[in-house]
2 protein chains.
Amino acid sequence: MATRSTGRTDVTRSAILARLGALGPASRADLARALNVSPALMTQLTRELLSDGLLQELEHSPSQGGRPARMLGLVSSAGRAIGVKVVADHVAFVEVGIDGTVLRSASEPFDASTTTVLTDLASLLRRFIAGGRDIPLLGIGVGVPGSVDRQGNGVVESTQLGWHQVPLGSTLRRELKLPVLVENNVNALAVAERLYGLGRNHENFLVVTIGTGVGAGVVVDGVVLRGFAGGAGEIGHIPVAEDGPLCSCGNHGCLESLVGQGPLVEIARGGGIISKSGGIAALRAAADADDDGAAEIFSHAGHLLGRALAGIVHTLDPEIVIILGEGTASWKHWSYGFEPAFRSALVPSRRGVAVEVETWQDESWAQGAAALVMATPFDSVDIAGDQGRLVRERLVEQSAPQLRGAP
Amino acid sequence: MATRSTGRTDVTRSAILARLGALGPASRADLARALNVSPALMTQLTRELLSDGLLQELEHSPSQGGRPARMLGLVSSAGRAIGVKVVADHVAFVEVGIDGTVLRSASEPFDASTTTVLTDLASLLRRFIAGGRDIPLLGIGVGVPGSVDRQGNGVVESTQLGWHQVPLGSTLRRELKLPVLVENNVNALAVAERLYGLGRNHENFLVVTIGTGVGAGVVVDGVVLRGFAGGAGEIGHIPVAEDGPLCSCGNHGCLESLVGQGPLVEIARGGGIISKSGGIAALRAAADADDDGAAEIFSHAGHLLGRALAGIVHTLDPEIVIILGEGTASWKHWSYGFEPAFRSALVPSRRGVAVEVETWQDESWAQGAAALVMATPFDSVDIAGDQGRLVRERLVEQSAPQLRGAP
DNA sequence: TAAAGTTATTTTAGTTCTAAACAAAGTAGT
DNA sequence: ACTACTTTGTTTAGAACTAAAATAACTTTA
């Protein structure tokens with residue numbers, strides 16, 4: 001059906017801001033091309049944003065053969081966002097600037113299984129917010145391991161947290177009086193990747209995370225694919241072995257039950273490769289030290305992941321696959337199994353699909369959640385709904401209280 | 001990025017026509033809601049279409065508690081389309097009315113491997129077109145077993161036909177002077193399903209075909225997912241068995257090499273279940289006659305398909321899975337293996353996903369191809385590009401040569 | 001160094017759509 | 001019958017865009 005061209009609040013206006021934030025200064029002509037609008041409109045919108053004090057004109061860029069471009073840059077104090085990573089035993093916060101850079105971060109112990117989870121989380125968040133700079137706070141992004149009905153609604157279903165239809169979004173919104181966007185953590189990462197990472201240059205890509213579990217974020221035509229109930233990307237439960245080990249979901253032989261961090265450590269302990277108390281770090285250390293058994297464990301995991309991803313690549317035809325997550329620290333070892341299995345299981349015409357492994361940081365999950373907020377202006381499909389509109393309004397209104405609508 | 005709200009030719013105007021064609025008469029208010037535009041615009045557009053002679057006002061529908069709705073219906077002579085199914089040894093044509101009903105059909109022997117394929121096809125098409133009624137021919141839809149760069153472009157890559165970057169679209173367009181839309185055959189089927197079938201009521205679904213090969217069409221938010229190079233949905237080559245039989249793609253153990261019609265027949269012959277010259281019909285007959293071996297072959301295929309589809313459902317989270325293709329004639333036998341394997345491999349929260357098997361007809365492939373033409377008005381994402389615009393123009397202009405622009 | 005070609009930005013005159021107010025044509029309660 | 005309430009359809013003013021032409025500010029070529 002025809003998408004209603006909103007009209008309500010201006011989408012393009014703030015898409016300009018988000019783009020400049022994400023990619024740095026650009027000319028009006030660049031922006032018009034990138035956002036797929038006419039130069040005429042760009043002139044008009046940037047005029048308003050300049051007079052609102054959200055943009056500034058910078059130096060000229062050297063001529064490309066014609067009139068040199070006048071670069072436009074963001075006034076960096078235009079906004080900030082907070083990203084939250086929620087897992088069973090702790091929460092992590094980051095505060096990011098409008099360009100996605102981390103300004104502050106913190107981590108707090110937390111119990112997701114109490115009856116007071118939501119108010120607990122709100123208090124922790126309030127405390128973190130209080131420490132922030134005096135820049136308009138555009139909103140809160142929350143990444144959870146589980147599925148979310150709609151970003152702007154924020155009802156969470158998560159076996160990992162033991163949450164069943166928990167109204168995380170509405171509660172935080174009420175408690176904090178701020179726009180709140182809730183999303184599956186891997187999808188949030190995909191949004192961040194699209195905005196700040198390799199996904200900037202690709203409209204169709206796959207983000208795959210390896211770590212405790214295995215997950216995927218699917219970006220199609222520049223937009224994160226959520227599926228019918230927000231559950232797309234749960235590749236950790238693809239059936240792999242007919243009679244494999246028991247998975248947390250209750251089935252046997254899921255991908256995650258074979259290549260997740262827990263199972264790998266289990267195998268290593270059983271095989272005497274690491275001590276009974278050793279963890280994934282010990283296993284990686286063993287592999288790094290050329291222990292054949294350890295290498296084989298990673299390599300076999302890579303093999304299984306490679307075959308599973310080949311299936312997904314056939315299904316979705318992405319341009320590039322981006323590997324992320326805590327597990328990437330051992331990617332070198334995974335890759336021995338992954339590359340041959342993955343490539344050889346692909347149809348010849350797909351065999352060249354790019355696989356990139358990005359460096360992983362502790363804050364990456366929370367940073368991804370924050371990207372949800374910064375991405376809302378891009379949100380032409382209106383994934384974030386009402387909350388997206390609020391973010392946009394805060395961005396435009398708070399930054400320029402002195403102008404517009406003053407008597 | 002913000003989608004350019006085309007503006008060029010009117011999309012909504014013909015979305016009205018397509019909707020009325022697909023779903024029958026509706027009121028202005030209904031249409032406005034369905035197409036997500038304002039009532040005001042609907043008044044304006046329908047006024048034009050009425051005066052153009054494309055629509056007609058019908059009786060009032062009984063009041064729903066307020067002013068009774070004035071129904072609008074399509075003037076059925078507004079247009080027709082032709083759909084073509086191309087396979088290695090023959091082509092099939094159908095002519096459909098604006099509501100998707102088949103008016104005429106034909107099948108011709110054909111050799112896809114000659115050097116004159118394209119002109120041969122054009123001649124056959126010309127002959128078929130000539131037999132049609134005197135109603136505006138909106139365009140030609142072609143379904144091919146392979147991937148297509150862009151519908152409106154129509155460059156085909158198909159191992160099955162032995163075609164490498166064949167410019168099918170542009171050639172037919174030049175030869176026939178008509179809008180031509182080319183698409184992978186399963187994707188075309190998904191479009192038809194969205195327009196006329198079960199997909200009408202679902203924005204996220206999966207069309208799976210079983211027959212010679214296995215394929216899938218993925219519909220996300222109402223739009224067919226094509227992927228980076230138009231190759232999405234090639235689930236026939238998902239790796240299933242580590243050391244399975246050789247597949248036509250050159251790899252071993254692809255889903256298709258295990259559950260395709262050819263392999264099933266092979267196994268049945270080898271097991272003495274059918275004669276050395278028996279085909280799939282014989283195998284089905286054996287299963288129908290309670291031959292345990294035959295039943296087991298189908299059941300095992302169902303088992304493998306079920307596990308593979310479970311993986312895809314986890315990846316895409318569709319609301320419903322629609323099974324189509326020649327193979328559905330034996331679905332009863334497949335289902336014994338399919339249902340338990342599929343359900344038990346799904347995460348509990350997904351276990352209820354609906355699986356529907358629709359009746360299959362010989363012309364279904366070609367009918368799907370024709371739907372490409374009828375769907376272009378819906379094409380808010382502009383998949384069909386230039387050719388879509390041409391279809392729209394033909395629909396509006398040819399039907400009302402007597403009005404508009406007359407001196 | 002003047003003419004030609006490029007690229008960037010602005011102006012102008014629409015087009016397409018929406019929101020909001022209104023008019024039309026009913027049903028249901030009193 | 002009279003009023004209140006619903007739903008449909010229309011009118012009007014205005015917002016958001018676009019295309020095309022005009023203008024600006026260079027580089028390149030002859």
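Order of the sequence lines fixes the chain letters, A, B, ..., with proteins taken first and strands second; residue numbering starts at 1 for each chain. Here the structure is a predicted model, which is why all the values come from computation and not from measurement.
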Rounding to a whole Å, what distance do you find between B/L72:CG and D/dT8:P?
13 Å
Measuring only between side-chain heavy atoms, which start at C-beta, is B/V219 closer than 4.5 Å to B/V191?
no
A/R226 side chain near B/V220 side chain, heavy-atom distance below 4.5 Å:
no
So, applying side chain to side chain contact (heavy atoms under 4.5 Å, CB included) with B/H202, which one of B/E319, B/R194, B/E193 is it?
B/E319
Rounded to whole Å, how long is the line connecting atom CD of B/Q44 with atom C1' of C/dT18?
11 Å
Rounded to whole angstrom units, what separation is found between the CZ atom of B/R47 and the C1' atom of C/dT16?
15 Å
Measure the distance from CE on A/M71 to P on D/dA25 and round it to the nearest whole Å.
18 Å
Does some side-chain heavy atom of A/V96 sit less than 4.5 Å from a side-chain heavy atom of A/R80?
no
Taking only side-chain N and O atoms of A/R67, does any of them lie within less than 4.0 angstrom of OP1 or OP2 on D/dA22?
no
Length of the CG-P vector between A/L31 and C/dT7, whole Å
18 Å
Check the phosphate of C/dA25 against B/S63, side-chain N and O only, distance under 4.0 Å to OP1 or OP2. Yes or no?
no
Specify the residue among A/H60 and A/P39 whose closest nucleotide of DNA chain D lies further upstream toward the 5′ end.
A/P39
Is A/A40 touching bases, backbone alone, or none of the nucleic acid, heavy atoms closer than 4.0 Å?
base
For the side chain of B/T43, counting heavy atoms from C-beta on, which of C/dT9, D/dG9, D/dT18 is nearest?
D/dG9
DNA chain C nearest-nucleotide lookup for A/R28 and A/G65: closer to the 5′ end is A/G65
A/S38, nearest nucleotide to its side chain (from D/dT8, C/dT9, D/dT18):
D/dT18
Given atom CG of B/L41 and atom C1' of D/dG9, what is their separation to the nearest angstrom?
13 Å
Which residue in the set B/I16, B/L41, B/D30 passes side chain to side chain contact (heavy atoms under 4.5 Å, CB included) when paired with B/L35?
B/I16
Atom CG of A/D30 and atom P of C/dT9 are separated, to the nearest Å, by 8 Å
Tell me which nucleotide among D/dA25, C/dT27, C/dA8 gets nearest to the side chain of A/P68.
D/dA25
Taken to the nearest whole Å, CE/B/M42 to P/C/dC17 is 10 Å
